[in-house]
Amino acid sequence: MSVDLMQNEADRLERMSGMLKRRGVILPAFEIHGGAKGLYDFGPVGGRLRNRVNQTWINHWLALGNIVELSCPTVTPYAVLEASGHVGEFSDFMTVCTKCEEASRADTLLEPSHPNPDALSKAELQTLLIQINPECPNCGEQAWSEVTAQNLMFNTTIGAGSSGRPGFLRPETAQGMFTSFPALLRHNRDRLPFGAIQVGKGYRNEISPRQGMIRLREFNMAELEYFINPYDPANHDFSPWSSTPFRLVADGKEEQKMTIQDAIENNTVRHDTVGYFMAQTYDFLVKVGIDPERLRFRQHESDEMAHYATDCWDAEIHGSYGWIECVGIAHRGCYDLEAHEKATGKTLRARREFSEPKIVEIDGWTMNGATAGPAFRALAGAVKKAVELLPAEATFPLMCQLESGEEIEVLPEHVKRLQRTETITGEWYIPHVVEPAFGIDRIIWHILDHAYDDESKDDDAYTVLRLSKHVAPVDYCVFPLFEKDGMGELARSLHRSLCGKAGVVSVYDSSGSIGRRYARADEIGVPHCLTVDHQSLEDQTVTIRDRDTGEQQRVGIADLV
RNA sequence: GCGGAUAUGGUGAAGUGGUAUCAUAGGAGGUUUCCAACCUUUUGUCGUGGGUUCAACUCCCGCUAUCCGCACCA
């Protein structure tokens with residue numbers, strides 16, 4: 001890109017940020033107190049926009065038919081996030097150069113000298129740091145402070161005083177959905193696949209939030225956890241996208257264009273549910289106004305993929321900050337449910353029936369509790385275990401070796417022959433999870449970026465926000481041509497009727513020339529303006545103006561309300 | 001977290017050691033009116049705390065925030 005173009009782009013970004021602030025779309029939070037880094041307000045226009053994006057997202061996934069919506073707490077006990085791996089993953093062990101005071105990650109410093117320093121504990125890192133004493137990447141000195149843990153999650157205490165338990169503000173919404181798995185399974189009457197969605201706030205105490213809304217300390221996210229049976233074929237219908245070329249950047253390769261079906265068949269996308277959600281994500285993003293020409297999917301390279309994931313694709317959107325990851329679609333395998341199972345001892349499994357029952361012949365020995373119990377007392381349990389391992393042809397008395405290595409004599413009266421046929425019709429398994437996770441703030445930023453147009457209308461600057469009608473914060477502006485002869489009254493009553501309709505937002509505006517009012521409406525992307533004029537008083541019709549074409553038609557008031 | 005730059009009406013900008021200018025937007029009143037028209041009027045303790053000074057928006061220091069590098073993060 002030439003220097004001129006970059007300057008144009010920067011100027012446009014500045015004009016756009018100014019407009020977003022002036023019109024109450026996005027503005028720095030707590031500004032009268034000096035502001036707070038990484039925190040933003042959605043203003044009177046933006047709040048509505050955010051809500052419509054969220055609602056469109058919810059509706060998009062509910063349309064799949066097997067999705068339920070949850071709302072889990074943002075305050076989360078320590079144990080939950082410890083089980084999920086966040087306490088470990090979101091902690092960085094930092095050390096500071098005592099000469100130049102540059103902070104570095106201890107594991108990064110030790111990377112040249114250790115195969116996997118990421119996996120080391122704080123104490124191990126400390127020992128190794130002293131042993132190796134690497135050079136400071138900033139000043140070259142070899143003098144490090146003590147290693148300290150820096151956690152990217154917000155700490156808090158749940159409860160007061162001595163009964164308070166440590167907790168965090170959640171760094172993602174997913175864990176609440178995993179810990180609710182038993183309720184979800186019951187709700188879905190034990191049948192997979194099904195999904196749970198949640199939109200809400202997440203918190204990460206980023207060291208350095210940057211680039212406007214791209215990295216925030218409190219952010220809006222929307223996640224779907226889709227639970228599948230890994231033994232079942234998915235049978236997704238890809239026909240709606242049979243002629244849609246997706247821009248795909250596969251693991252370290254150049255960008256290619258292909259249909260999602262082809263990508264799955266040639267194993268570029270390794271799992272068909274991941275591919276299906278990529279296609280659904282594409283539809284959603286286009287619906288809310290993302291330019292499909294500036295949307296691509298990039299596969300995580302094997303070394304950047306989270307350790308549990310088997311395939312992961314990011315939807316990246318191109319805007320003023322370049323290509324930005326806005327959605328992550330990860331196949332998480334059974335990692336999360338298994339982790340919570342291990343930590344709690346609770347079963348987080350679904351049942352699958354075998355296509356053919358397995359017949360198992362049991363022929364062997366077991367302990368006769370009535371005689372062996374008193375004989376072996378404390379050892380009885382170990383004896384039972386050992387006896388059940390013996391083959392059917394064993395004869396007693398027998399010197400039997402216990403697990404502990406101890407030998408003990410087992411007499412015939414201590415044992416019973418066990419012979420039966422068992423039919424096993426199925427098994428309990430840990431469902432796999434495919435998770436599309438959406439960064440709503442980043443998506444909203446790009447919706448605005450793609451919709452913002454201030455270079456139209458002759459040579460004069462004129463701003464139009466070409467928002468999709470699904471997300472436009474205001475549906476109608478109602479204008480009286482004059483505020484006299486009863487036009488004002490008629491316009492107000494039309495405005496109130498529109499506001500009374502479910503889900504419709506109307507704004508009444510009577511100040512300034514009609515052109516100025518159209519301009520104000522265009523700037524925040526109102527799709528339609530309704531103008532009450534002299535003719536309206538006679539025949540109860542108004543003009544309806546289209547934002548993007550400027551064309552007007554007459555419609556009856558009765559048809560609008 | 002480190003380095004550099006910046007902070008003036010709602011927005012975008014001038015400017016000066018003696019409480020401030022322009023454009024644009026907003027409110028009120030009026031003329032006019034279907035694509036940012038006109039007139040009158042109004043809207044600011046110049047980011048914040050401290051210092052220097054008779055006097056600080058202006059000079060100096062701290063803080064906070066914003067932007068750009070580096071680092072960090074997804």
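Below, read A as the first sequence line, B as the second, and so on, with proteins coming before strands; counting in each chain starts at 1.
Following rounding to the nearest Å, A/Y518 (OH) and B/A37 (P) show an atom-to-atom distance of 14 Å.
Nucleotides B/C46 and B/G27 place their P atoms 25 Å apart, quoted to the nearest Å. Taking atom P in both B/C59 and B/A14, the straight-line distance is 15 Å, to the nearest Å. Spacing between B/A23 and B/U40 at atom P, rounded to whole Å, works out to 13 Å. Distance noted for atom P between B/U41 and B/C34: 28 Å (whole Å). Separation of the P atoms belonging to B/U11 and B/A25 is 15 Å when rounded to the nearest angstrom. One C1' atom belongs to B/U45, the other to B/U19, and the distance between them is 9 Å to the nearest Å. Atom name P, nucleotides B/G4 and B/G9: the rounded distance is 26 Å, in whole Å. The C1' atoms of B/U53 and B/A5 are separated by 28 Å, rounded to the nearest whole Å.
Salt-bridge formation is not detected for the pair A/E316/A/R442: no Lys NZ or Arg NE/NH1/NH2 atom is positioned less than 4.0 Å from an Asp or Glu carboxylate oxygen. Taking a cutoff of 4.0 Å between a charged side-chain nitrogen and a carboxylate oxygen, A/D441 and A/K201 do not qualify as a salt bridge. Here A/D533 pairs with A/R554 in a salt bridge; the nearest charged N to carboxylate O distance falls below 4.0 Å.
Between A/R442 and B/A74 there is no side-chain N or O to OP1 or OP2 distance below 4.0 Å. Taking side-chain N and O atoms only, A/T531 has no distance below 4.0 Å to OP1 or OP2 of B/C34.
With a cut-off of 3.5 Å on both Watson-Crick or G-U wobble distances, the partner of B/U31 is given as B/A37. Within the shown strands, nothing qualifies as a pairing partner of B/G44 under the Watson-Crick or G-U definition with both distances less than 3.5 Å. Base-pair partner of B/C72: not found among the strands shown (Watson-Crick or G-U wobble, both distances under 3.5 Å). B/C67 and B/G4 make up a base pair, with Watson-Crick or G-U wobble contacts both under 3.5 Å. Both distances falling under 3.5 Å, in either a Watson-Crick or a G-U wobble arrangement, place B/C54 opposite B/G18. Across all strands shown, the partner of B/U24 is B/G10, judged by Watson-Crick or G-U wobble contacts whose two distances both fall under 3.5 Å.
Remark: A/E14, A/G18, A/K21, A/R22 in residues 11-33 of chain A come within less than 4.0 Å of RNA chain B through at least one heavy atom.
Between A/E325 and A/G35, the residue whose closest nucleotide on RNA chain B is further toward the 5' end is A/G35. If you find the closest nucleotide of RNA chain B to A/I514 and to A/Y321, the one lying nearer the 5' end belongs to A/I514.
Using cut-offs of 30° and 60° for the angle between ring planes, the A/Y282 and A/F246 rings count as tilted.
In this structure, A/I440 CD1 and A/E223 CD are separated by 10.0 Å, a value rounded to the nearest 0.5 Å.
In this structure, A/R296 is positioned above the aromatic face of A/W323, its NZ or CZ under 6.0 Å from the six-membered ring centre and within 45° of the axis.
The side chain of A/R298 lies closest to B/A74, out of B/A36, B/A74, B/C34. Nearest to the side-chain atoms of A/R204 among the listed nucleotides B/A74, B/A65, B/C35 stands B/A74. Counting only heavy atoms from C-beta on, A/R516 has its side chain closest to B/G26 among B/G26, B/U33, B/A74.
Backbone-only engagement by A/S511 is indicated by non-hydrogen atom pairs under 4.0 Å involving sugar-phosphate atoms exclusively. Among the heavy atoms of the strands, none lies under 4.0 Å from A/F479.
Not a single donor-acceptor pair, N or O on each side, falls under 3.5 Å between the base of B/C34 and the side chain of A/R545.
A centroid separation of 6.0 Å or more is found between the aromatic rings of A/Y476 and A/H495.
A donor-acceptor distance shorter than 3.5 angstrom exists from the side chain of A/R170 to the backbone of A/C72, with no hydrogens or angles considered.
Two residues are said to be in side-chain contact when any heavy atoms from C-beta on lie closer than 4.5 Å; A/L498 and A/L530 meet this criterion.
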